[in-house]
Amino acid sequence: MKQIHISINGTRYQVAEHSNLAAVLMTNAIANRRSVSGEPRMAVCGMGSCGECRVTINQQAHQLACLQQCSEGMEVQCEP
Amino acid sequence: MSLNLVIVGAGPAGLAAAWSASQSKANVTLIDQYDQAGGQIWRGGTHAAPKRYQHLFAQQTELRYLNKTHVIGANADHLFLATPNGPQQLAFDRVILANGARELFLPFPGWTLPKVLGVGGLQALVKGGLPIAGKNVVVAGSGPLLVAVASQLKQRGAIVKAVVEQAPLGQLLRFGRSLAGYPSKIGQAAQSIAMLRNTPFYPNTWVVAAEGAGAVQQVRLSNHHSIECDYLACSWSLIANTELAQQLGCKLEHSFVLVDRGQQTSVNHIYAAGELTGIGGEDKAIVEGQIAGFAATGNYQAASQLAHKQAQARQFSQQLATSFALRPELRQLAQANTLVCRCEDVTFEQLQNQPSWRSAKLQTRCGMGVCQGRVCSSATQYLFGWGQDSVRFPIHPVSVADLVMESV
Ligand SMILES: Cc1cc2nc3c(=O)[nH]c(=O)nc-3n(C[C@H](O)[C@H](O)[C@H](O)COP(=O)(O)OP(=O)(O)OC[C@H]3O[C@@H](n4cnc5c(N)ncnc54)[C@H](O)[C@@H]3O)c2cc1C
Ligand code: FES
């Protein structure tokens, strides 16, 4: 499988092309977002309905990671 | 001018509808929010689907496929879309709704921990590249999806520590015997069960808590077992995505879209097929989709030939609903400080004295977050018996720019 590079919170990761972004974040134990009371959250439904997986992609906020395939140079920012 | 037919959802029901409709001279537009067609079961493309549906995309057909396109609302003759190129509106003569179901998540202590996710949710992420080989997984909740997904995970090398099903054994055995009437289901069930022969299966049992620091590490069960795990996949049933149908004015019955034998809803020119009209899996989705596609294009003869299969599929759907009915004990899982609304972090305690969903929304912001109540409205409906009030536009969260529509 072709490998590509994406950046998550400023760090470079090598991932398989077309891998699902929510899956990549979970693999690397990176929380997608913080809840209102500060809990770390990761993907739950995997199908674009719960909104727990949202991240900022290429400066666009509130993108659902579970509906995104990784592409070369993608810049992902999670809520700290 | 030929009929302008729009099909929402490119899962088995939507694809079957598109195929039937393509037998007539209709102008068919198929819409899905995902990149690839296939829906929940053929997820990630149509290569897993029957050949005729693959051909839909291959041949020069009249089919127009709009992928990565969310239908976010509707009025009597237009659908409102959020597309990768911005907002658009699409005129229609007829619509077939085939936008499927989602999982029901009920709150229990620890359900918001990372790596506690839906059963279909974990299945989807594993298909999307999440490495599961050698990981300890507990699959819990209710329904045939548990066994199906547990066996798929095991096939990929996961260590399935247990499959935990809330339905009592007697009910499950009765369900098993009833499968004799549905030969296509027996094969699937037998394969999954063979794959899980060394996996502990606990009927009549449910998760009471998930525990761990930073992510789930252990689950506690109602039978007093505790199991260490890396992932807890848990969902309690499937619920239809009825928001769009409601916005179009279609009548619901027991939270599903009400349809007649031709799959027509209570609104003229609006049809519905698949999980939307009752949870019944692939076979039901396909036959209902086919009928809807024929009926919506005036091919009533072809539609009526499928009546027997349709009746069988609906009977199976009934069987599923009774066999896996949720037990009342599940209403007691959430503790005072358990979050019920994950978007706005609203606790059970804050909600339990609210008189209605509407009041809960106003007083606590429950259901006002990003999921727009898609998770918590169904949970509170089960926990407190609240009904949802009218469906807001847009039905999916969108940017402000998406609300300024252009025609396509
Ligand atoms: C998470 C999950 C996992 C499942 N896994 C299995 C399995 O492994 N095996 C099995 O037999 N059954 C599975 N099922 C059951 C499944 O629902 C049926 O088997 C079958 O896929 C139903 O077909 P359908 O066409 O009715 O709906 P679906 O297959 O759900 O298709 C609906 C389609 O509509 C699209 N859609 C929804 N809303 C919108 C919108 N507003 N705008 C645009 N597009 C939209 C979705 O993207 C989806 O592609 C699963 C269900 C769920 C919810
Ligand atoms: S995981 Fe639920 S929307 Fe992405």
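These numbers were taken from a predicted model, which means no experiment stands behind them. Note on naming: letters A, B, ... go to the chains in the order of the sequence lines (proteins, then strands), and numbering restarts at 1 for each one. Side chains included, hydrogens not; waters and symmetry mates left out as well; all remaining heavy atoms used.
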To the nearest 0.5 Å, what is the distance between [atom1] on [X] and [atom2] on [Y]?
{"X": "B/His70", "Y": "A/Leu67", "atom1": "NE2", "atom2": "CG", "value": "6.5 Å"}
{"X": "B/Arg102", "Y": "A/Met47", "atom1": "CZ", "atom2": "CE", "value": "8.0 Å"}
{"X": "A/Cys45", "Y": "B/Leu125", "atom1": "SG", "atom2": "CG", "value": "9.0 Å"}
{"X": "A/Arg54", "Y": "B/Cys371", "atom1": "CZ", "atom2": "SG", "value": "9.5 Å"}
{"X": "A/Cys66", "Y": "B/Leu117", "atom1": "SG", "atom2": "CG", "value": "10.5 Å"}
{"X": "A/Ser37", "Y": "B/Glu344", "atom1": "OG", "atom2": "CD", "value": "10.5 Å"}

Checking [X] against chain A: side chain, backbone, both or neither under 4.5 Å from a heavy atom?
{"X": "B/Leu113", "answer": "neither"}
{"X": "B/Val119", "answer": "neither"}
{"X": "B/Gln123", "answer": "neither"}

- When heavy-atom pairs shorter than 4.5 Å are enumerated against chain B, which of A/Ala61, A/Cys70, A/Cys50, A/Gly51 gives the highest number?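 Of the candidates given, the most pairs with chain B belong to A/Cys50.
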- Return the option, out of A/Ala43, A/Ala22, A/Ala29, with the maximum number of heavy-atom pairs under 4.5 Å with chain B.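 Greatest number of close heavy-atom pairs with chain B: A/Ala43.
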Using a 6.0 Å cut-off, check whether atom [atom1] of [X] has over 12 heavy atoms from anything other than its own residue.
{"X": "B/Lys127", "atom1": "NZ", "value": "yes"}
{"X": "B/Glu211", "atom1": "CD", "value": "yes"}
{"X": "B/Glu228", "atom1": "CD", "value": "no"}

- Task: Grab the two heavy atoms, one from B/Cys343 and one from A/Val36, that are nearest each other, plus how far apart they are.
- Result: O-CG2, 3.3 Å
- Compare every heavy atom of A/Gly46 with every heavy atom of B/Ala124, then report the nearest pair and how far apart it is.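 Answer, listing the atom of B/Ala124 first, then A/Gly46: CB-O, 3.8 Å.
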- Item | Partner chain A: residue of B/Val116, B/Thr112, B/Val375, B/Asn241 with the largest heavy-atom pair count (under 4.5 Å) | B/Thr112
- Task: May I ask you to decide if B/Arg342's main-chain N or O and A/Arg41's side chain share a donor-acceptor pair within less than 3.5 Å?
- Result: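 Yes; at least one donor-acceptor contact below 3.5 Å.
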- Item | Sorted by number, residues from residues 1-20 of chain A in contact with chain B (heavy atoms, under 4.5 Å) |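 Near chain B, by residue number: A/Ser19, A/Asn20.
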